[in-house]
Amino acid sequence: MSLTAEQEEDFRRFVEAHWHRLVRTAFLLVGDHGRAEDLVQQVLVAVHRRWDSVDPAGSPLGYVRAALANQAISNSRRNHVRETLFGGVTFSGRGSPPPGFDRDPRDAYHGVENREALLGALKDLPPRMRAVVVLRYFDDLSEAATAQALEMSLGSVKSQTSRGLQRLREALTATMSEGSLS
Amino acid sequence: MSSRFEDQLREDLRELSIVLPERANPYARITAAVAADRRRRRTRAAAGTALAFAATLAIGGAVVRGMPSAELSPGGPRPEPTSTPTGTFRHAGDAGVVIESCLNMGMDLGIMDAGLDEPLICTPELESRGLANFRAAVAATTNTPPDSIEAEVSFNQTLPESVLPAGGKGYAMIYQTTLPSGKHIRATDAFVSNATQGVGGFVYLHEVESLATPVIILPTELGANATPILIAPEATTVRIAPSDEDLDIEVRDAGEGVWSLQWPLPEEAYWYTVLHSADVIVTSADGTEYTFPGPEILDP
């Protein structure tokens, strides 16, 4: 069923207001700008089909964000098993660390200046764990909201968050170790 | 209270993504995508998606759902389909008729071992009963009188040992018909036994765009270390996308139009854990490419 002119206008305003934010979330989920835009497009086309039943008084953004995360997880199962986020430079420890690099051993993450190291570590998380981390720490969703968005139990969100943070710490610590100067 | 690590993570995730260029008119892109999506849906509806989607395994009662898809690759603008969809799947009849017939022939369906003297091959009786089943299933699905359906067996093959689990036996048949509307229907009837785990069988009904469309036979849960078998007599190449090297899948041409997908994994690593990440692409002698999207076919 086609949208009314008013509904279409609501949808247009929604897209223009939230597109960039959604692409940023999608970028963290899939690691590539082009794929992120494709993912957002894929989800918004599906949402457009149901826009007349989306509650305007509710949170369309929350609904779309949840659909984004779930679609990214679903899509990742069809993608190549070895996703590459940044095909180019990653901080591999070969050569000098970047300027300002602070190898504070007391906190594995503090002082890591190279954002690509973080992207690499994020890439290595399983899709669902990555989605939990992105929703919790980029979109600032609560544990309960994340559980609802991803249709998981609260306990699963807690454990996925804990394990995700631990894996990021370990990966970034390993990156720091490789980058140590002798 | 969050830790320094979590606070830093929040900050860096924001900074990571903030550098992305902003699109000038995102709504225009979505509008074009919505229009394209509407066109695709109208085309699918016109082609007829009335066939149901479930194929029932003969033993165990598990349901496998297959969905058609012509989308080839993730990322980037979705291209218009260039390969023929595999069609939808439906239980074409009672695969138990296969088992019943085997029982009537005195075969032991409990444990099949390599010492079985009677090769598991389709007999004329089995073929005629399978064809009758196929016609009945097509008639019921398309609301056509069974007597008006002319069908044939286009493939009847004892499966080579190289595509079966060790000590296993099996055969495959393909029935096909073309309805007065021009729609093509094919059915796959296969019976594969595992030497140690008993037997399984399944029948799939496919709506296809061409009678040359290959079909995939999925192993049953009982034949857990069996692998997908592709029936493609017209195939010149069968390959895995994105890369069989990366996924360590070996495509084997077993001859007589039978192909299999195999990999050197432990027996407990079932086929579907690998094919969730892969598509199977078949190229026919006339250059037509058929894509079998692994996850969409193999997901229950």
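Keep in mind the model is a prediction, meaning the values are calculated, not measured. The sequence lines fix the lettering, A, B, ..., with proteins before strands; numbering per chain opens at 1.
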Taking the side chain as every heavy atom from C-beta outward, state whether [X] and [Y] have any atom pair closer than 4.5 Å.
X: A/V40; Y: B/I30; result: no
X: A/V133; Y: B/L9; result: yes
X: B/P26; Y: A/R12; result: no

### Message
For B/D7, which atoms come within 4.5 Å of any heavy atom of chain A: side chain, backbone, both, or neither?
### Response
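Neither the backbone nor the side chain of B/D7 comes within 4.5 Å of chain A.
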
### Summary
From the list A/V134, A/V15, A/L39, the residue making the most non-hydrogen contacts under 4.5 Å with chain B is A/V15

### Query
Of all of A/R24, A/R136, A/H33, which one pairs up most often with chain B through heavy atoms under 4.5 Å apart?
A/R24

### Task
Take B/L13 and A/L118 through the test side chain to side chain contact (heavy atoms under 4.5 Å, CB included) and record every step on the way to the result.
CA-CA 8 Å; B/L13 288 176; A/L118 172 56; 4.1 Å; yes

### Query
Which heavy-atom pair separates A/D140 from B/R14 by the least distance, and what is that distance?
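It is OD2-NH1, 4.1 Å.
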
### Query
Should the heavy atoms of other residues, nucleotides or ligands under 6.0 Å from CD of A/Q148 be counted, would the total exceed 12?
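At most 12 heavy atoms, drawn from other residues, nucleotides or ligands, come within 6.0 Å of this atom.
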
### Task
Any chance you could lay out the side chain to side chain contact (heavy atoms under 4.5 Å, CB included) test for B/L16 and A/F138, step after step, and finish with the verdict?
CA-CA 10 Å; B/L16 259 176; A/F138 176 69; over 6 Å; no

### Task
Apply side-chain contact (heavy atoms from CB on, under 4.5 Å) to B/A254 and list each qualifying residue two or more places apart in sequence or on a separate chain.
B/P160, B/S162, B/V163, B/V258

### Flag for A/E8-B/Y27: side-chain donor and acceptor within less than 3.5 Å
yes

### Query
To the nearest 0.5 Å, how far apart are CZ in B/R29 and CG in A/D38?
5.0 Å

